Every structure is written in C-alpha cells, then in structure tokens.
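What follows is a short report on a single structure.
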2 protein chains.
Amino acid sequence: MANISDIAKQAGVSKSTVSRVLNGHKHVSKEKRRIILDVMERLEYSPNGNAINLSRGKTNTIGVLVPRVGHPFFHQLLEGIGLVCMERNHTLLVIQTEHDPAKEEASMQYLRDKRIDGLIIGAISQPQLLETMRTVGPVVACEDHQDIVPSLFFNHGKAITMLLQHVEERGAKTVGLCLGNPDSGVGRVRREAFDQYLKTSTLCHGIQWYADRCYSFEDGQALAGQLLTIDLPDAIIVGNDEVAAGLIDQFRKDGIRVPEDIAITGFDDVPIARALEITTIRQPVVMLGRLAAEQLLSDALNQSESASSLLEPSLMIRQTT
Amino acid sequence: MANISDIAKQAGVSKSTVSRVLNGHKHVSKEKRRIILDVMERLEYSPNGNAINLSRGKTNTIGVLVPRVGHPFFHQLLEGIGLVCMERNHTLLVIQTEHDPAKEEASMQYLRDKRIDGLIIGAISQPQLLETMRTVGPVVACEDHQDIVPSLFFNHGKAITMLLQHVEERGAKTVGLCLGNPDSGVGRVRREAFDQYLKTSTLCHGIQWYADRCYSFEDGQALAGQLLTIDLPDAIIVGNDEVAAGLIDQFRKDGIRVPEDIAITGFDDVPIARALEITTIRQPVVMLGRLAAEQLLSDALNQSESASSLLEPSLMIRQTT
DNA sequence: TTGAAAGCGTTACCAA
DNA sequence: TTGGTAACGCTTTCAA
C-alpha cells in the first residue's frame with residue numbers, strides 16, 4: 001500500500017505538500033496539486049486512518065454504551081445517534097455491556113485510549129463510574145445523571161405517575177409492578193416514582209405483585225404463570241411493551257380477561273403495543289438519540305455549555321386498561 | 001497524560017521493557033515488572049489505542065454495513081455480531097447507509113483506511129462494489145453474493161415454498177403475495193420462488209392480490225382496506241410479521257375471520273407473531289450474525305478457508321392458517 | 001509556496 | 001533479561 005512518502009517521492013515534492021493537498025490547504029501551486037492528485041490516483045493511494053488519528057489526537061468517532069442492541073429502546077437510540085454521526089461525518093462505535101459491570105468499566109478504556117472522542121451512555125448500572133469517565137473525556141448520558149454528567153432523558157417518573165393515575169381513575173385498588181433491570185438509572189427512577197405515588201394514594205401494592213429482570217415476550221408469559229398462583233392485582237404496570245404483550249397473551253390463554261380481570265400497561269409504544277391495543281407510554285427515542293449525539297459533538301468541540309434536559313412522555317390510552 | 005516514555009523514565013528502564021510488560025511478554029524480571037506496574041498505577045497510565053493500531057497495523061475492530069439499525073432483521077444481526085465481538089475482544093463499528101449508494105461506497109474507506117480489520121455486509125444495493133471491497137480487506141456478506149465474497153444467508157426461496165405448500169395443504173385455491181422492497185436481493189428471490197411454485201401447482205394468483213413496499217403494521221392495515229374492495233384470496237403470503245399483524249388486525253376489525261375467510265402468513269417470527277399466533281417463518285438471525293462475525297474473524301486471521309453457506313428456515317405453524 | 005524535521009505513542013527487531 | 005532504534009504514516013511548526 002502506498003503511503004504519503006511514496007506519493008511525495010513520485011510527485012517530486014515533500015510530504016508536507018502532499019499533506020497540504022490532502023487537507024485542502026491553500027498555498028499549494030495549481031500545478032503541484034495536479035501532479036500530486038495524479039500520482040495518488042495512479043497509486044490508488046488512501047491515507048491511513050490510524051496515523052491521522054494518532055497525529056491529530058482525535059478520531060471523529062463516538063462510542064455508545066448500551067446493554068443490548070436488540071432492545072427496542074436502545075436500537076432506536078442507536079438509530080438517532082447514527083443519523084447524526086452520518087450527517088456530521090463521524091463514526092459510531094457500539095459497546096454492548098449486557099449489564100455487566102466489568103464491561104461497563106472496560107468501556108471507559110476506549111475514551112482513555114483516545115479511540116473515541118466521546119461517549120454516550122445509553123444505560124449504566126454503576127453511575128459512580130461516570131465520575132471517572134468525565135475526567136477522561138466528554139460524556140453525555142441518556143439517563144438522569146445530571147448531577148454528574150450532562151444528561152438528556154425522559155421523565156420516567158412522570159410516566160409512571162401518569163400510568164398509575166390512569167389505572168386508578170379506571171378503578172384499580174391494587175397494583176403490581178414489573179421492571180427490567182432494577183439497578184439501572186431508569187429502573188431506580190421508576191421504582192421511586194411508583195413508591196412515591198403509592199404513599200399519597202389509596203392504591204395498594206404488595207411484594208407478591210413485584211417482579212423485575214423481565215425483558216422479553218417469554219418473560220411476560222412466565223410472569224403471568226407465576227401471578228396466576230396468587231390473587232391478581234387489579235392492574236399491573238409493566239416496564240416494556242413486549243413483556244406486557246407476553247403477560248396479556250398468557251392471561252388470555254388462561255381465560256383471564258384484560259382489562260376486566262386485570263389492567264395492563266406497557267412502555268415504549270412499539271408495534272406490538274398497537275397490535276394488541278396496549279395502553280402504553282410513547283417516547284421519541286430516536287430524537288433523544290439525535291439530541292444526545294448533537295450535545296456530545298458540540299460538547300467535544302466546546303461549542304456550547306453542556307446542559308441537561310428532561311423530555312416529556314405521552315400516555316397512549318388503548319384497550320388494556 | 002503519561003505515555004510509555006514517561007513510564008520508562010520514572011521506572012528507570014527502556015520503553016522496550018515497558019512495552020513487554022504491557023503485552024505480557026516473559027523475559028522481564030519480577031522486580032522490574034513490579035516497579036513498572038507501580039509507576040503505571042501512580043501515573044494512571046493508559047496506552048494510546050491509536051498508536052497501538054498504527055504500530056500493529058490492525059485495530060481489532062470490525063465494521064458492519066446496515067441500511068438502518070432500527071429494522072428488526074438488522075438489529076438482531078448486530079446483536080449477534082456484537083456478542084462475538086465481546087467474546088473475542090473486538091470492537092464493533094456501525095455504518096448506517098440508509099440504502100444510499102454513496103454511503104455504501106464511502107464505507108469501503110474504513111477498510112482501506114485500516115480503521116477496521118474486516119467488514120460485514122448486512123445488505124448492499126450495489127453488489128458490484130463487493131468486487132473492489134474484497135481486494136481491500138476481508139469481507140463477509142449476509143446476503144447471497146457467494147459468487148463474489150463469502151456469504152452466509154437464509155434460504156428465502158425454500159421458505160416461500162414451505163409457506164405455499166402449507167397453505168395449499170390447508171385447502172387454499174387462490175393465494176396473494178405482499179413483499180417489502182421488491183428490488184432487494186431478498187425481494188427478488190422471494191418473488192422468483194413464488195412464481196416458480198405456482199407454475200407447478202394448481203394454486204392461483206392474480207395481480208389484484210399482489211402488493212409490495214409494505215414495511216409496517218400500518219401498511220398492513222392499509223392493505224387490508226384495499227383487499228376488502230375486491231374478492232379475497234384464500235391465503236396471502238406476507239413478507240414481514242408486522243405487516244401481517246396489521247392485516248390481521250384490520251381484517252378482524254372488519255369482521256373478516258382469520259384463517260377461515262383468509263389465511264395469513266408472516267415472516268421473521270418476531271414477538272408480535274407469537275402474540276397474534278401468526279403462522280410464520282423463523283430464522284435464527286442473531287445466530288447468523290454470530291456466524292458471520294466468526295467467519296470474518298477467522299478469515300482475517302487466515303484460520304480457515306472462507307466458505308459460504310445457506311441457512312435453513314423453519315415453518316412455525318400457528319393459528320392464522 | 002515549499003521543505004525539513006520534530007512530533008504523535010506504540011511495537012518489534014537486533015544487539016548486547 | 002535488557003536497551004537502542006527504526007519503523008508505523010501522518011500533521012504541524014519553523015524557516016526559507
């Protein structure tokens with residue numbers, strides 16, 4: 001593979017001059033520029049990205065930390081981030097943590113490493129890591145960690161409150177809760193809002209109606225099975241549409257009527273929620289991804305103060321409540 | 001930020017020795033190793049990734065080309081690839097093309113660039129590009145381009161045949177077809193298999209029962225509306241579970257019974273297909289991602305001959321046929 | 001407008 | 001077991 005020296009030699013100029021045309025600098029004579037471009041063409045020259053990165057001290061690459069790209073929230077987030085990357089000529093490095101603390105910690109290495117210019121946190125189970133991360137490079141979170149790093153996130157607390165209010169209005173006296181990862185920022189916020197709401201309401205909750213680490217349709221089906229062995233609550237708030245769908249599916253198979261016997265709410269408004277007419281929360285996740293990426297990029301360029309902001313959810317009322 | 005020279009100086013050894021402990025080489029005295037590690041700790045040293053990449057001539061990073069990460073097929077593929085990357089200590093660079101030819105072409109740059117060690121093609125609209133790509137670095141495709149590059153892909157033709165055979169056995173005399181992008185490789189293969197089957201069977205198809213560019217739940221609902229203005233076929237083969245779900249949903253709302261009045265099949269076996277009990281085709285997409293990544297990595301290491309292979313679909317018979 | 005040379009932070013070869 | 005030094009391929013500063 002030809003390198004910059006080969007080009008310089010063949011064109012009869014110095015590396016500096018070649019570098020100048022490479023970077024579109026002025027102050028290069030028309031003739032030399034033409035010769036250099038010719039030689040490049042002839043030798044099928046292509047600059048080495050790592051050398052550029054090393055020399056410039058930056059990579060035009062941003063990393064994003066997600067537990068799993070298959071999860072609807074995260075792949076929508078990735079899509080938004082990816083779009084901004086395209087527009088602004090950046091590259092997207094995806095780090096899947098599978099909620100593994102060790103992997104979360106290892107991800108910091110990329111930043112330290114200088115292999116990425118900045119990092120977007122999709123979700124993190126050890127927020128304390130953020131303290132160190134932000135000393136290593138620009139970080140933006142898509143969960144509420146605004147006391148530590150700039151954060152853009154949905155008002156999950158408000159969403160939970162809206163759901164509880166809604167099922168209560170529909171006449172529920174008892175309510176269950178099913179979360180994904182209870183240790184994530186989102187998990188904790190949801191849990192807190194749930195507990196908070198109950199304190200000021202006559203709605204009842206008992207530990208037998210609590211579950212977590214439910215992520216899939218099948219997890220929902222399994223949960224339905226468990227719930228059937230006890231008295232059902234009047235309503236259950238589920239942190240994810242697919243899990244809600246699994247619950248509904250299994251309940252109906254077992255002759256439990258939704259919403260008459262139990263009201264069920266989902267989260268995210270993915271297609272399955274529309275198909276099953278699930279009452280759920282809609283959030284513009286792709287947009288969140290875009291905003292986070294834009295924030296990070298302008299941050300990395302010191303173009304603006306880093307700010308946090310809270311995006312509002314909307315309640316989609318359908319047939320399961 | 002401390003670099004390797006700083007460490008060497010403070011530890012009173014040469015860069016070479018530091019490099020040796022960094023890479024876990026033997027032939028370093030216990031004592032020096034300890035001193036060096038101490039200094040590293042004290043200075044919070046972290047090696048520069050770009051320098052390593054440049055020096056080694058490789059990055060332990062693989063790229064993957066997808067139209068859109070939000071599409072179910074592609075995010076499942078990404079998930080599989082991502083898992084292998086984790087296991088084998090590699091990093092995943094995601095390139096979203098949005099079907100844009102210019103972006104597909106630009107993606108080659110990463111390979112040329114040496115910023116990635118290999119490239120996985122999720123989908124590409126200009127297969128001729130692959131000719132050049134494979135001269136630039138290792139490439140594996142997840143569509144059928146086996147005449148050009150190693151390819152791992154599903155047998156879509158077989159899947160269509162299985163579906164047609166199944167609905168015919170169930171008594172269908174007339175059948176419709178609904179595709180996504182008819183110009184994609186997958187679209188063409190499916191169409192061809194469909195036409196082929198009809199030639200050797202008494203099943204009937206008419207142009208009024210054909211549709212394409214249907215991608216979403218809503219597209220399915222709209223299609224149901226259109227079909228209702230004409231005589232329904234006995235069965236319809238739909239290229240995507242979400243579209244099938246939309247069809248079913250709208251039909252049921254309009255009092256059409258599925259499968260009695262019309263049998264409907266989907267494709268992909270995503271959660272919505274399980275929720276609605278849709279007869280569909282299951283393809284282990286995450287596994288395809290894993291296999292492709294493993295193929296690429298062993299390829300990049302010259303560990304094996306590059307081979308292509310055809311993965312078999314399975315028919316999931318449920319309640320809509 | 002051009003070129004020489006000093007980085008950038010590693011690895012790896014060759015001697016010692 | 002160690003160290004010196006030449007790569008790796010580019011950018012950038014300083015002089016000319």
Side-chain angles (χ1 to χ4, degrees), chain A residues 1-37 39-40 43-61 91 109-117 136-137, chain B residues 1-37 39-40 43-61 91 109-117 136-137:
Chain A
M1 273 284 213
N3 64 25
I4 198 174
S5 301
D6 298 333
I7 304 298
K9 211 168 296 171
Q10 296 238 1
V13 301
S14 71
K15 289 195 299 178
S16 323
T17 305
V18 177
S19 175
R20 287 190 189 98
V21 344
L22 237 28
N23 295 285
H25 287 189
K26 40 195 84 173
H27 303 314
V28 174
S29 68
K30 274 214 149 31
E31 195 196 1
K32 296 211 166 177
R33 161 167 282 122
R34 201 187 42 68
I35 297 181
I36 291 172
L37 289 173
V39 176
M40 285 181 175
L43 269 53
E44 297 187 325
Y45 170 71
S46 174
N48 179 304
N50 288 122
I52 298 176
N53 291 164
L54 174 59
S55 187
R56 291 216 182 111
K58 59 185 295 250
T59 55
N60 278 21
T61 300
T91 309
Q109 198 50 34
Y110 289 99
L111 210 51
R112 205 166 236 152
D113 237 18
K114 305 291 179 206
R115 272 193 300 215
I116 57 180
D117 295 340
V136 179
Chain B
M1 271 283 213
N3 65 23
I4 198 174
S5 301
D6 298 334
I7 305 298
K9 212 167 295 171
Q10 296 238 2
V13 300
S14 71
K15 290 195 297 180
S16 322
T17 305
V18 177
S19 176
R20 286 189 191 99
V21 344
L22 237 29
N23 294 285
H25 287 189
K26 41 195 83 172
H27 303 314
V28 175
S29 69
K30 275 215 150 31
E31 195 196 1
K32 296 213 167 174
R33 160 167 284 124
R34 200 187 43 69
I35 296 180
I36 291 172
L37 290 174
V39 176
M40 285 180 175
L43 271 52
E44 296 188 326
Y45 169 70
S46 175
N48 178 305
N50 288 122
I52 297 176
N53 290 164
L54 173 60
S55 186
R56 290 217 180 108
K58 60 184 296 250
T59 55
N60 277 22
T61 300
T91 309
Q109 197 51 32
Y110 289 99
L111 210 52
R112 203 166 239 152
D113 237 16
K114 304 295 179 205
R115 271 193 300 212
I116 57 180
D117 296 339
V136 179

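Quick note on labels: first sequence line is chain A, next is B, and so on, each numbered from 1. The structure presented is a predicted model; accordingly, all values stated were derived computationally and were not measured.
- Inter-residue side-chain proximity for A:Y110 and A:T61 is flagged as unmet; no heavy-atom pair is nearer than 4.5 Å.
- Rounded to an integer number of Å, the gap from NZ of B:K9 to C1' of D:dG3 is 15 Å.
- For A:K30 and C:dT2, the NZ to P distance is 12 Å, given to the nearest whole Å.
- Atoms CG (B:D6) and P (C:dC8) sit 10 Å apart, rounded to a whole Å.
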- Nucleotide by nucleotide, nucleotides 7-16 of chain D touches protein heavy atoms under 4.0 Å in the pattern (B base, S sugar-phosphate only, - none) -BBBBBB---
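- Looking only at side-chain heavy atoms (C-beta outward), B:L37 and B:M40 come within less than 4.5 Å of each other.
- Annotation: the span from B:T59 atom OG1 to A:N53 atom CG amounts to 10.5 Å, rounded to 0.5 Å.
- Take B:R34 and apply the salt bridge (charged side-chain N to carboxylate O under 4.0 Å, His left out) test, not counting sequence neighbours, and it matches B:D38.
- Atom OG of residue B:S55 and atom CG of residue B:N50 lie 12.0 Å apart, to the nearest 0.5 angstrom.
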Check: residues 5-24 of chain A side-chain donor-acceptor pairs under 3.5 Å, at least two apart:
residue: A:D6; atom: OD2; partner: A:N3; partner atom: N; Å: 3.0
residue: A:S14; atom: OG; partner: A:S16; partner atom: N; Å: 3.4
residue: A:S14; atom: OG; partner: A:T17; partner atom: N; Å: 3.4
residue: A:S14; atom: OG; partner: A:T17; partner atom: OG1; Å: 3.4
residue: A:S19; atom: OG; partner: A:N23; partner atom: ND2; Å: 3.4
residue: A:N23; atom: OD1; partner: A:R56; partner atom: NH2; Å: 2.7
residue: A:N23; atom: ND2; partner: A:S19; partner atom: O; Å: 2.8

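- Between D:dT2 and B:T17, no contact under 4.0 Å exists linking OP1 or OP2 to a side-chain N or O.
- In this structure, the NZ atom of B:K58 is 13 Å from the P atom of C:dT11, given to the nearest Å.
- What separates CD1 of A:I36 from C1' of C:dT2 is a distance of 10 Å, to the nearest Å.
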